[in-house]
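In what follows, every heavy atom counts, from backbone to side chain, and hydrogens, waters and symmetry copies are set aside.
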Amino acid sequence: STVVDVIASAHSNSIRRVISVGSVAFVRVHPTSASSELKISDCRVHNWTGEGPAIEFGARGPLQVIDSIFTNPPTLATPAIQLSEQAASVVLSGTQAPGTKVIQAPSSAKIIDLPAVARTTGPTSAVTSDTSFLKQQWPLPTIVIDAVKDYHAIGNGNADDTSALQGLIDAAAAKGATSKAGAVAAYIPAGRFLISKPLHVPGGVHLDGSGFGSQIMMSPTFAGDAGVIVANGLEGHWTQLTNLAVDNSLSGWNSTQPLL
């Protein structure tokens with residue numbers, strides 16, 4: 001970043017397994033007299049370029065920095081972590097800053113340095129500045145069946161789309177039976193799709209949406225006690241439900257209806 005990677009508020013925050021390379025700074029918590037818990041764990045900060053520390057903590061705390069490494073600071077005099085006069089306490093464990101000091105703090109702050117060997121928990125594998133968390137390639141379905149385009153679902157929150165959505169799911173199941181696993185997706189686009197009974201999703205079907213905008217709505221007359229979506233998975237046949245929302249606001253006494 002050109003200013004700072006993370007600006008944390010005066011509340012409880014957690015930052016873990018983050019890699020920062022070449023940013024001006026890593027974390028800023030603006031000065032405040034309020035208590036503000038911040039936990040930073042298993043992070044790697046390399047080659048930050050600002051004049052100040054990688055982490056500037058302005059709240060009372062507590063601050064915890066666990067299993068994190070800070071390398072190649074802008075100057076040898078730049079600390080990795082700097083506490084304000086308001087800071088009351090900080091816990092360090094497994095934190096390293098080769099080439100500079102780990103922390104600069106007022107004399108009133110209580111600093112607890114807990115040896116990593118004294119802990120009972122920790123990361124199973126440490127990240128490095130070269131670690132990548134995102135896949136370079138992502139498998140995509142080769143066949144996408146659309147609820148609106150192919151099965152004429154309305155998606156306006158008024159029309160009953162139960163038959164259209166069930167037809168979509170059944171078609172995906174039939175296609176999937178003769179295709180490679182993951183090759184077929186039953187797609188529900190953005191819209192409000194009203195259903196009056198549970199949708200039955202056989203094993204091997206990937207029912208996908210576009211996020212919160214793809215809403216399956218339980219109608220006021222919704223009938224069924226097995227769940228809004230019944231996943232009939234069999235051993236060796238996965239069922240995948242992704243990027244969908246369920247709205248039960250119209251369903252009255254069925255408002256406690258389970259999703260699955």
In one Ile/Leu/Val/Met/Phe/Trp/Tyr side-chain cluster, 4.5 Å: [X], [Y]:
X: Ile55; Y: Ile112; value: no
X: Val144; Y: Leu207; value: no
X: Val18; Y: Val6; value: yes
X: Ile19; Y: Val4; value: no
X: Leu241; Y: Leu165; value: yes

Go through the structure and list residues passing side-chain hydrogen bond (donor to acceptor under 3.5 Å, both in side chains) with Arg192, not counting sequence neighbours.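 Residues passing side-chain hydrogen bond (donor to acceptor under 3.5 Å, both in side chains) with Arg192: none at all.
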Taking only residues two or more places apart in sequence, or in another chain, which ones meet Ser1 in a side-chain hydrogen bond (donor to acceptor under 3.5 Å, both in side chains)?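 Here the qualifying residues are Asp5.
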For a side-chain contact (heavy atoms from CB on, under 4.5 Å) check, start with the C-alpha distance between Leu199 and Val228, then their side-chain angles and the critical distance, and finish with the verdict. CA-CA 6 Å; Leu199 299 174; Val228 179; over 6 Å; no
[atom1]/[X] to [atom2]/[Y] distance, rounded to the nearest 0.5 angstrom?
X: Leu168; Y: Asp146; atom1: CG; atom2: CG; value: 7.5 Å
X: Met218; Y: Lys197; atom1: CE; atom2: NZ; value: 15.0 Å
X: Gln82; Y: Arg28; atom1: CD; atom2: CZ; value: 8.5 Å
X: Ile81; Y: Glu56; atom1: CD1; atom2: CD; value: 12.0 Å
X: Gln64; Y: Glu37; atom1: CD; atom2: CD; value: 6.0 Å
X: Met217; Y: Phe193; atom1: CE; atom2: CZ; value: 11.0 Å

Go through the steps to decide whether Ile103 and Leu83 satisfy the test side-chain contact (heavy atoms from CB on, under 4.5 Å), and finish with yes or no. CA-CA 8 Å; Ile103 189 167; Leu83 306 185; 3.9 Å; yes
Tell me which donor-acceptor pairs under 3.5 Å the side chains of residues 68-78 have, and how far apart each pair is, sequence neighbours excluded?
from, atom 1, to, atom 2, distance (Å)
Ser68, OG, Asp42, N, 3.4
Ser68, OG, Cys43, N, 3.1
Ser68, OG, Ile66, O, 3.0
Thr71, OG1, His46, ND1, 2.7
Asn72, ND2, Asn47, OD1, 3.0
Thr75, OG1, Ala77, N, 3.3
Thr75, OG1, Thr78, N, 3.2
Thr75, OG1, Thr78, OG1, 2.6

Can you find a heavy atom in the side chain of [X] that is under 4.5 Å from one in the side chain of [Y]?
X: Tyr151; Y: Asp161; value: no
X: Leu38; Y: Val29; value: yes
X: Asn243; Y: Phe212; value: no
X: Pro202; Y: Thr239; value: no
X: Ser23; Y: Trp48; value: no
X: Ile229; Y: Ile216; value: yes
X: Leu194; Y: Asn158; value: no
X: Thr242; Y: His206; value: yes

Is a side-chain N or O of [X] found less than 3.5 angstrom from the main chain of [Y], in a donor-acceptor match?
X: Asp67; Y: Ser41; result: no
X: Gln166; Y: His200; result: yes
X: Asn156; Y: Ala159; result: yes
X: Ser219; Y: Phe222; result: yes
X: Thr162; Y: Ser196; result: yes
X: Ser84; Y: Gly58; result: yes
X: Ser210; Y: Pro189; result: no
X: Asp208; Y: Tyr187; result: no

Test side-chain contact (heavy atoms from CB on, under 4.5 Å) applied to Val3 and Val24, step by step: CA-CA 5 Å; Val3 179; Val24 172; 5.7 Å; no
Heavy atoms only: give me the nearest [X]-[Y] pair and the separation to one decimal.
X: Gln215; Y: Asp247; answer: OE1-OD2, 3.8 Å
X: Val184; Y: Ile145; answer: CG1-CD1, 4.3 Å
X: Asn13; Y: Ala8; answer: ND2-CB, 4.0 Å

Intermediate values then yes/no, side-chain contact (heavy atoms from CB on, under 4.5 Å), Val27 and Ile15: CA-CA 9 Å; Val27 177; Ile15 303 170; 3.7 Å; yes
